[in-house]
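Here is the structure we will look at, set down as structure tokens.
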Amino acid sequence: MVHRSHLMELPRKILIGEDVLRKIGDFIEAPRSATVVVASGTNVQERVREAVGSSLQRSTRWVVVSHSDMANVHAVMKASRRAHCIIGLGGGKSVDVGKLAASKLGIPFFSVPTSASHDGIASPFASISDTKRHYSIKAKPPVGILADVEVISAAPTRLFAAGCGDLVSKLTAVKDWQLGHEATGEYYGGYAANLALMSAHVVIDGAPALGVGGLTAVRDLVEALISTGVAAGIAGSSRPCSGSEHLFSHSLDAICPGKGLHGEQCGIGTIMMAKLQGLDWRAVRSALKRVGAPTRASQIGIEEDEVVRALLGAEAIRPDRYTILSVAQLDRPSASPLLPRLPAEEE
Ligand code: ZN
């Protein structure tokens with residue numbers, strides 16, 4: 001048997017808890033004379049700029065991130081010349097853009113999420129979109145993650161529910177990874193797979209507690225999201241975190257951009273892919289309902305026909321990735337029955 005090798009890159013430190021945002025200045029371990037770049041969206045800047053600025057106490061350049069595209073990555077890189085590090089402060093976009101910019105410049109990146117809507121918080125991957133395509137680029141993982149659960153719990157509940165959707169998706173992603181390993185002999189790491197599955201079960205088994213909300217629920221969600229990012233770092237690929245349900249979500253992004261959040265679309269995709277894979281899709285659906293996440297595309301303004309088109313186009317998003325879609329080879333008659341319909345029709 002050939003023992004192939006791969007590099008595991010992981011975050012070095014994680015600070016999670018209440019009222020930790022004001023510790024960001026010490027957390028980054030930068031000399032007082034250093035220049036620090038903070039990449040964030042305008043809303044986030046309004047919410048926390050003062051707290052972050054007074055803790056940093058260093059020359060700080062604030063860069064507004066408007067989209068997770070290469071133009072924004074280049075703008076952050078330009079602002080970061082001779083900077084000591086980049087802090088990605090915000091939801092998805094700022095973390096993705098800051099992470100890739102820091103990775104390209106070879107300087108440390110610190111991830112400071114202000115919502116818990118997706119698992120890019122800790123992973124070595126940056127999600128980048130342009131007008132036609134959405135793709136994931138391998139970058140360096142954050143050196144440090146600082147997660148203030150009070151700040152995160154003040155984010156809209158829709159983002160919390162989306163984070164739960166991104167977590168349940170590890171169930172089908174791991175199954176796809178197993179299928180790929182069996183069909184093509186690609187590397188499969190049982191430890192990384194189990195770690196990702198454990199995070200999915202935080203939602204599938206723990207939905208009643210998560211659904212209550214509050215600081216404990218936010219903390220559980222954030223820790224599970226960080227853990228899946230670490231699983232990707234251990235696997236050295238996004239395999240444990242992203243399978244056919246993510247391809248479906250990326251396909252939707254191309255067909256009807258901006259309607260659903262990443263985690264919401266992945267959650268709906270997980271219900272359908274679990275059906276195809278013969279997994280317990282009802283458990284996924286009831287957990288998503290319990291935490292307030294959508295289980296039907298119509299709940300987030302997406303038409304049935306758009307869902308069918310996204311299903312049919314999903315495999316072509318990334319043909320090199322073997323998933324259940326490679327096996328199923330969907331056409332319209334076989335795709336339609338996968339759609340989550342009104343609960344009464346399915347019970
Ligand atoms: Zn995701």
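Predicted model only: the values in this text are computed from it and were never measured. All residue numbers in this chain count up from 1 along the given sequence.
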TODO: Please test I87 against V52 for side chain to side chain contact (heavy atoms under 4.5 Å, CB included), starting from the C-alpha separation and ending with a verdict.
DONE: CA-CA 10 Å; I87 297 170; V52 170; 5.5 Å; no
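- Under a cut-off of 6.0 angstrom, the local environment of CZ in R82 is sparse, with at most 12 non-hydrogen atoms contributed by other residues, nucleotides or ligands.
- Shown here for S127 and D96, the closest heavy-atom pair between the two residues is N-OD1, 3.0 Å.
- Partner of V76 under the side chain to side chain contact (heavy atoms under 4.5 Å, CB included) criterion, chosen from V97, V64, L105, V38: V97.
- Cluster membership for I121 and V20, using ILVMFWY side-chain heavy atoms within less than 4.5 angstrom, is not shared.
- Atom NZ of K99 sits about 11.0 Å away from atom CD1 of I137, to the nearest 0.5 Å.
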Task: Stepwise side chain to side chain contact (heavy atoms under 4.5 Å, CB included) test for V308 and S336 - done: CA-CA 6 Å; V308 172; S336 296; 4.2 Å; yes
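- Residue A39 comes nearest to V65 through the heavy atom pair CB-CG2, 3.8 Å, listed as atom of the first residue, atom of the second, then distance.
- At a threshold of 4.5 Å between side-chain heavy atoms, the hydrophobic network of Ile, Leu, Val, Met, Phe, Trp and Tyr places V307 and L261 in two separate groups.
- At least one side-chain heavy atom of L215 sits under 4.5 Å from a side-chain heavy atom of E150.
- Looking only at distances, no side-chain donor or acceptor of E306 sits under 3.5 Å from a matching main-chain atom of I255.
- Within the 4.5 Å cutoff, the side chain of I28 has no heavy atoms near those of the H84 side chain.
- V202 and L279 fall within a single hydrophobic cluster, where Ile, Leu, Val, Met, Phe, Trp and Tyr side chains are chained together by heavy-atom contacts under 4.5 Å.
- Listed for the R58 side chain is a donor-acceptor partner under 3.5 Å among the backbone atoms of A30.
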TODO: With salt bridge (Lys or Arg N to Asp or Glu O under 4.0 Å) as the test, would you mind laying out the steps for D280 and R282 before giving the verdict?
DONE: CA-CA 5 Å; D280 187 357; R282 286 187 176 85; over 6 Å; no
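- In this structure, K104 places its NZ atom where only 12 or fewer heavy-atom neighbours from other residues, nucleotides or ligands lie under 6.0 Å away.
- T228 has its side chain out of reach of P240: every pair of non-hydrogen atoms, C-beta onward, lies at least 4.5 Å apart.
- The two residues V37 and A79 have their closest heavy-atom pair at CG2-O, 3.4 Å.
- Remark: the R321 side chain and the S238 side chain contain an N/O donor-acceptor pair separated by less than 3.5 Å.
- For the pair L146 and F110, the minimum side-chain heavy-atom distance is 4.5 Å or more.
- For E50, the CD atom counts as loosely surrounded, since its 6.0 Å shell holds 12 or fewer non-hydrogen atoms of other residues, nucleotides or ligands.
- Taking CZ from R158 and CD1 from I300, the interatomic distance works out to 6.5 Å, rounded to the nearest 0.5 Å.
- From Y322, atom OH reaches atom CD of E315 across 9.5 Å, with rounding to the nearest 0.5 Å.
- Heavy-atom minimum distance, Q265 versus S249: NE2-OG, 3.0 Å.
- A heavy-atom distance below 4.5 Å is not found between the side chains of L276 and V327.
- Between F27 and K13, the closest side-chain pair of non-hydrogen atoms falls below 4.5 Å.
- The distance from the CZ atom of R47 to the CG atom of L89 is 9.0 Å, given to the nearest 0.5 Å.
- Counting only distance, with no hydrogens or angles, the side chain of N194 and the backbone of G190 share a donor-acceptor pair below 3.5 Å.
- Remark: H67 NE2 is loosely packed, at most 12 non-hydrogen atoms of other residues, nucleotides or ligands lying under 6.0 Å away.
- Looking only at distances, a side-chain donor or acceptor of K259 sits under 3.5 Å from a matching main-chain atom of G301.
- Both L221 and L195 sit in one connected hydrophobic cluster of ILVMFWY residues. Membership requires side-chain heavy atoms under 4.5 Å apart, directly or through other members.
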- [ ] Test I268 against I302 for side chain to side chain contact (heavy atoms under 4.5 Å, CB included), laying out the working first.
- [x] CA-CA 11 Å; I268 293 167; I302 298 173; over 6 Å; no
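- Taking CD1 of I145 as the start and CD1 of I14 as the end, the distance is 4.0 Å to the nearest 0.5 Å.
- A donor-acceptor pair is defined here as one N or O able to donate and one able to accept, closer than 3.5 Å; such a pair exists between the side chain of S55 and the backbone of R22.
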- [ ] Begin with the C-alpha distance, continue with both residues' side-chain angles, and end with the deciding distance and a verdict on side chain to side chain contact (heavy atoms under 4.5 Å, CB included) for I234 and L10.
- [x] CA-CA 7 Å; I234 291 173; L10 303 170; 3.9 Å; yes
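- Side-chain atoms of R309 and E304, non-hydrogen and from C-beta on, never get closer than 4.5 Å to each other.
- Among T323, T270, D176, the single residue meeting the side chain to side chain donor-acceptor pair (under 3.5 Å) criterion with S244 is D176.
- No donor-acceptor pair closer than 3.5 Å links the side chain of S59 to the backbone N or O of T35.
- Considering every non-hydrogen atom in both A193 and V174, the closest pair reads O-CG2, 3.6 Å.
- In this structure a side-chain-to-backbone donor-acceptor pair under 3.5 Å is present from S153 to V149.
- M198 is not listed as a side-chain neighbour of H201, based on a closest heavy-atom distance of 4.5 Å or more.
- For the pair K140 and F109, the NZ or CZ position fails the cation-pi test of under 6.0 Å to the six-membered ring centre and within 45 degrees of the ring normal.
- Taking all atoms of both residues into account, the shortest heavy-atom contact from Y187 to H181 is C-ND1, 4.4 Å.
- Put simply, F125 and I86 are part of two different groups of oily side chains (I, L, V, M, F, W, Y) that touch within less than 4.5 Å, one to the next.
- From H262, atom NE2 reaches atom NE2 of H246 across 3.0 Å, with rounding to the nearest 0.5 Å.
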